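Values in this document were obtained by computation on a predicted structure and should not be read as measured data.
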Amino acid sequence: MFTNAGTSSFTTFLSRVAPEMLPGRRPLPPGMAADLAPHATTIVAISAAGGVVMAGDRRATMGNLIAQRDIEKVHPADAYSLVGIAGTAGIGIELMRLFQVELEHYEKIEGAMLSLDGKANRLASMIRGNLGAAMQGLAVVPLFAGFDLAGADPERAGRIFSFDVTGGPYEETGYDAIGSGSLFAKSALKKRFRAGLSVDDATRLAVEALYDAADDDTATGGPDLTRRIYPVVMTATAEGTRRLTDAETAAIAEGVVASRMENPGG
């Protein structure tokens, strides 16, 4: 089985060879399990001129406890796309890594990269495979964004896709957020977003939206200046994906905090 290429889908291959390794195929005891595992929370994505920005806070919670202060929820899916996770942290990280392998496997077998729509559809089918666990409280809902190499206008090539728990993919216009703090993050973005934002401006706006989410949602962690824990911020442009350095993110986050010290209400 391992020497026969078979299919360009790694998850399909895995379902034939070792189905028990897929997150959604593992047997679970009856009952709800939502409070037994840490949960990841707020992710925001903003389309900008020439690309897209995605940012996530660093807090994971388990009930009323902070399970981890520096979890990383935003990752590159491949060279031109990003994925952020909200929901059950362990399953979300596993699903994200499986998605990365899925895209790499397809490219090696087919000799070409999947289209951005194709990547979103592949991720949707993987989410759908976790539906049984989601119905028992172990849900994962990712946010997917990337630079569309096939886009007619490179300035508008940044695209964002959201999903529901059943795997339904939906393309968003301009911006989106997921997780428990998404209501507050999207409310902040609604007032500040403008089409054609530069990548730098969109980055600042993403950090501000996460600050607003943390201000009203206990499961979302704001910039921690004491421990020097800042949001994970990544961009996807024609040059590929890039994660902002700690120094760059710190400068933006400290600027946001300083601005709110002058005007705490906004």
Side-chain angles (χ1 to χ4, degrees), residues 40-59 70-86 116 142-148 151 154-162 172-179 181-182 184-215 220-225 228-263 266:
T41 48
T42 311
I43 308 290
V44 300
I46 305 171
S47 60
V52 66
V53 174
M54 184 178 289
D57 80 302
R58 304 293 295 276
R59 178 175 293 177
D70 59 353
I71 188 174
E72 297 189 0
K73 310 171 190 176
V74 178
H75 301 267
D78 66 0
Y80 293 96
S81 60
L82 307 167
V83 60
I85 56 167
L116 199 64
L143 190 60
F144 176 68
F147 182 86
D148 191 353
E155 290 298 300
R156 299 183 178 181
R159 299 171 64 192
I160 301 169
F161 294 86
S162 66
E172 305 293 341
T173 301
Y175 62 87
D176 195 37
I178 59 172
S182 61
F184 310 108
K186 284 195 280 190
S187 296
L189 293 172
K190 184 180 292 186
K191 298 296 183 184
R192 299 289 307 281
F193 175 80
R194 299 291 183 273
L197 284 171
S198 68
V199 172
D200 289 342
D201 288 342
T203 299
R204 165 81 182 209
L205 184 55
V207 175
E208 288 185 354
L210 289 176
Y211 184 101
D212 287 331
D215 201 33
T220 303
D224 190 334
L225 305 187
R228 300 191 65 79
I229 299 173
Y230 305 105
V232 174
V233 183
M234 295 195 69
T235 63
T237 64
E239 285 73 41
T241 60
R242 174 179 177 266
R243 174 173 173 166
L244 271 65
T245 65
D246 291 342
E248 290 173 317
T249 309
I252 297 170
E254 289 169 3
V256 170
V257 173
S259 298
R260 297 304 174 91
M261 290 288 287
E262 298 174 4
N263 181 20

Exercise. Find out whether V207 and V233 are in side-chain contact, i.e. whether some heavy atom of one side chain is under 4.5 Å from a heavy atom of the other.
Key: yes
Quiz item: Are M234 and P76 side-chain neighbours, meaning at least one heavy-atom pair lies under 4.5 Å?
Solution: yes
Self-check item: D246, CG atom: more than 12 neighbouring heavy atoms under 6.0 Å
Solution: no
Quiz item: Going by atom types only, do S81 and D78 share a side-chain donor-acceptor pair under 3.5 Å?
Solution: yes
Quiz prompt | T42 and K73 side chains, donor-acceptor separation under 3.5 Å | solution = no
Quiz item: Shortest non-hydrogen contact from L143 to A45?
Solution: CD2-CB, 3.7 Å
Quiz item: Can you check whether R204 reaches S198 side chain to side chain, under 4.5 Å on heavy atoms?
Solution: no
Self-check item: Flag, side chain of R58 to backbone of I71, donor-acceptor distance under 3.5 Å
Solution: yes
Enumerate donor-acceptor pairs with a distance under 3.5 Å from any side-chain N or O in residues 249-258 to protein atoms, sequence neighbours excluded.
{"residue": "T249", "atom": "OG1", "partner": "T245", "partner atom": "O", "Å": "3.1"}
{"residue": "E254", "atom": "OE2", "partner": "Y230", "partner atom": "OH", "Å": "3.0"}

Quiz item: Side chains of D176 and V44: closer than 4.5 Å at any heavy-atom pair?
Solution: no
Exercise. Taking the side chain as every heavy atom from C-beta outward, state whether P231 and L210 have any atom pair closer than 4.5 Å.
Key: yes
Quiz item: Could you give the distance from CG (L205) to CD1 (I46), rounded to the nearest 0.5 Å?
Solution: 4.0 Å
Self-check item: Verdict with supporting geometry, D70 and R228, salt bridge (Lys or Arg N to Asp or Glu O under 4.0 Å)
Solution: CA-CA 10 Å; D70 59 353; R228 300 191 65 79; over 6 Å; no
Self-check item: Sub-4.5 Å side-chain heavy-atom contact between R243 and V232
Solution: yes
Quiz item: Does D57 reach the main-chain N or O of T220 with its side chain, forming a donor-acceptor pair under 3.5 Å?
Solution: no
Quiz item: When you look at E172 and K186, which way does the salt bridge (Lys or Arg N to Asp or Glu O under 4.0 Å) test go after all the steps?
Solution: CA-CA 12 Å; E172 305 293 341; K186 284 195 280 190; over 6 Å; no
Quiz prompt | For the student: nearest non-hydrogen atoms of V52 and G158, plus distance | solution = CB-CA, 4.2 Å
Quiz item: So how far is it from Y80 OH to F147 CZ, rounded to the nearest 0.5 Å?
Solution: 8.0 Å
